[in-house]
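What's counted below: heavy atoms across the whole structure, side chains too, no hydrogens, waters or symmetry copies. All ligand and atom numbering here is 1-based and tracks the order in the structure. This is a predicted model, so every value here is computed, not measured.
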Amino acid sequence: MNFMEIIDSIETKASKSISRNPGDYLDENELLVCGKCNSRKQCVVEFMGKIRKPFCLCNCETEKLERQGKEIIESEKIREINNMRYLGFHDKSMMNFTFEKDDESNPNLSLTAKKYVENFPKMIESGKGLLLFGNVGSGKTFIASCIANSLIDQGYPCMVTNFSRIINTLSGMYEGKQEYIDNLNKFDLLVIDDLAAERDTEYTNEIILNVIDSRYRSKKPLIVTTNLTAEEIHNQKDIRKQRTYSRLHEMCIPIGVYGNDRREKGKLSDNEYYFDLLKIKTPSKSP
Ligand SMILES: [Zn+2]
């Protein structure tokens with residue numbers, strides 16, 4: 001096959017791939033025109049001294065093809081995000097904790113959480129997380145999961161877990177324990193739910209310190225929820241806990257959460273910049 005024959009065969013193949021629809025017509029130059037969008041499905045080119053009339057896509061078919069391409073990319077992205085969410089939540093029921101489902105019974109906390117998501121690029125840069133402390137049932141777990149879900153929607157890999165699970169997993173491993181802990185730092189955000197709910201043993205406190213310290217060295221944000229009070233966080237006698245909590249003070253913006261729209265700025269370290277950025281304010285007196 002010589003060169004011109006190759007060109008002819010390409011042109012014939014292209015011509016077959018162009019659909020001819022009822023309503024298509026020939027214009028004054030005998031070129032095929034789309035009946036829907038009135039743009040040409042055929043053009044004129046001079047190639048090596050010969051006039052050719054190769055077929056091409058009209059405007060509406062080009063748009064259709066682009067739309068299909070975008071839909072494929074979009075559905076691929078949704079699949080990826082669903083995978084990310086599935087991987088990221090050890091407790092699958094928490095995958096459903098989203099801002100859309102937030103009843104905003106604690107509007108200030110909801111606002112702060114949304115502001116945290118909005119400012120996440122800054123939080124990644126500074127490695128700043130949140131320490132949500134306060135009484136049971138004040139919505140700390142819910143709001144931490146909302147943050148993770150919202151960030152996953154934006155394509156940030158997040159891991160939401162707790163120390164009971166981490167310790168269980170590590171207990172069943174013969175080797176690769178440190179690798180498992182290090183892998184937690186591959187996530188842009190690590191959420192540890194319910195710190196201090198796990199069994200209080202020397203072994204667990206050692207693991208907790210290891211995980212928190214490893215996260216600290218990774219300089220990536222960490223969100224911790226806990227039912228501990230500020231006093232309990234401050235006055236620890238156990239040396240491992242002291243070191244763990246001192247790391248948390250450095251890494252996390254402390255927010256006291258007390259349910260029924262009562263919230264306090266944690267007084268654990270100097271975080272004025274973040275209090276302002278995340279709209280954390282001392283609540284006004286309830287009527
Ligand atoms: Zn068309």
Side-chain angles (χ1 to χ4, degrees), residues 1-89 92-104 110-111 113-125 143 145-160 186-189 220-221:
M1 206 188 269
N2 67 30
F3 185 64
M4 284 313 256
E5 282 168 350
I6 292 171
I7 297 294
D8 285 341
S9 94
I10 291 173
E11 214 176 281
T12 311
K13 270 186 195 155
S15 135
K16 281 179 187 156
S17 70
I18 298 295
S19 57
R20 286 160 185 75
N21 301 321
D24 289 357
Y25 58 94
L26 293 176
D27 67 5
E28 65 279 10
N29 300 310
E30 298 287 301
L31 297 169
L32 189 66
V33 175
C34 170
K36 270 194 232 162
C37 69
N38 295 308
S39 71
R40 279 181 176 166
K41 286 185 164 183
Q42 212 177 354
C43 57
V44 185
V45 287
E46 195 187 327
F47 185 71
M48 296 180 79
K50 193 181 164 194
I51 298 290
R52 294 181 165 272
K53 294 181 176 178
F55 287 87
C56 56
L57 287 173
C58 66
N59 291 347
C60 72
E61 276 171 349
T62 307
E63 277 165 24
K64 189 175 150 195
L65 218 61
E66 280 174 3
R67 214 165 40 239
Q68 284 170 345
K70 276 183 194 154
E71 276 165 18
I72 290 169
I73 292 169
E74 198 53 39
S75 70
E76 183 60 25
K77 206 173 125 190
I78 289 170
R79 211 173 57 90
E80 237 172 70
I81 283 175
N82 285 342
N83 280 343
M84 211 190 266
R85 200 182 317 278
Y86 194 78
L87 269 176
F89 281 89
K92 304 302 172 206
S93 66
M94 286 155 79
M95 285 165 47
N96 298 316
F97 294 171
T98 59
F99 285 124
E100 291 74 38
K101 298 206 177 87
D102 182 10
D103 64 3
E104 305 223 3
S110 298
L111 176 66
K114 285 175 184 164
K115 286 280 164 195
Y116 186 83
V117 170
E118 199 181 302
N119 288 288
F120 194 63
K122 277 185 195 149
M123 300 301 160
I124 283 216
E125 215 181 307
I143 213 73
S145 303
C146 289
I147 292 174
N149 262 311
S150 184
L151 290 173
I152 288 170
D153 286 338
Q154 292 178 41
Y156 291 107
C158 301
M159 167 59 77
V160 182
K186 288 188 176 158
F187 295 90
D188 287 340
L189 177 70
K220 285 182 173 176

Could you tell me whether the side chain of I143 reaches within less than 4.5 Å of the side chain of Y116, counting heavy atoms only? no
Cut-off 3.5 Å, no hydrogens considered: what does the side-chain donor-acceptor table look like for residues 57-70, sequence neighbours left out?
residue, atom, partner, partner atom, Å
E61, OE2, S19, OG, 2.7
T62, OG1, C58, O, 2.7

Total protein N/O/S atoms whose distance from the Zn ion (ligand 1) is less than 2.8 Å: 4
When you measure from the side chain of N149 to the backbone N and O of C146, does any donor-acceptor pair fall under 3.5 Å? no
Using side-chain heavy atoms (C-beta onward) and a distance below 4.5 Å, is N38 in contact with Y25? yes
Pair K122 + E125: basic N to acidic O under 4.0 Å: no
Quick one: does any side-chain atom of S150 pair with a main-chain N or O of I147 as donor and acceptor, under 3.5 Å? no
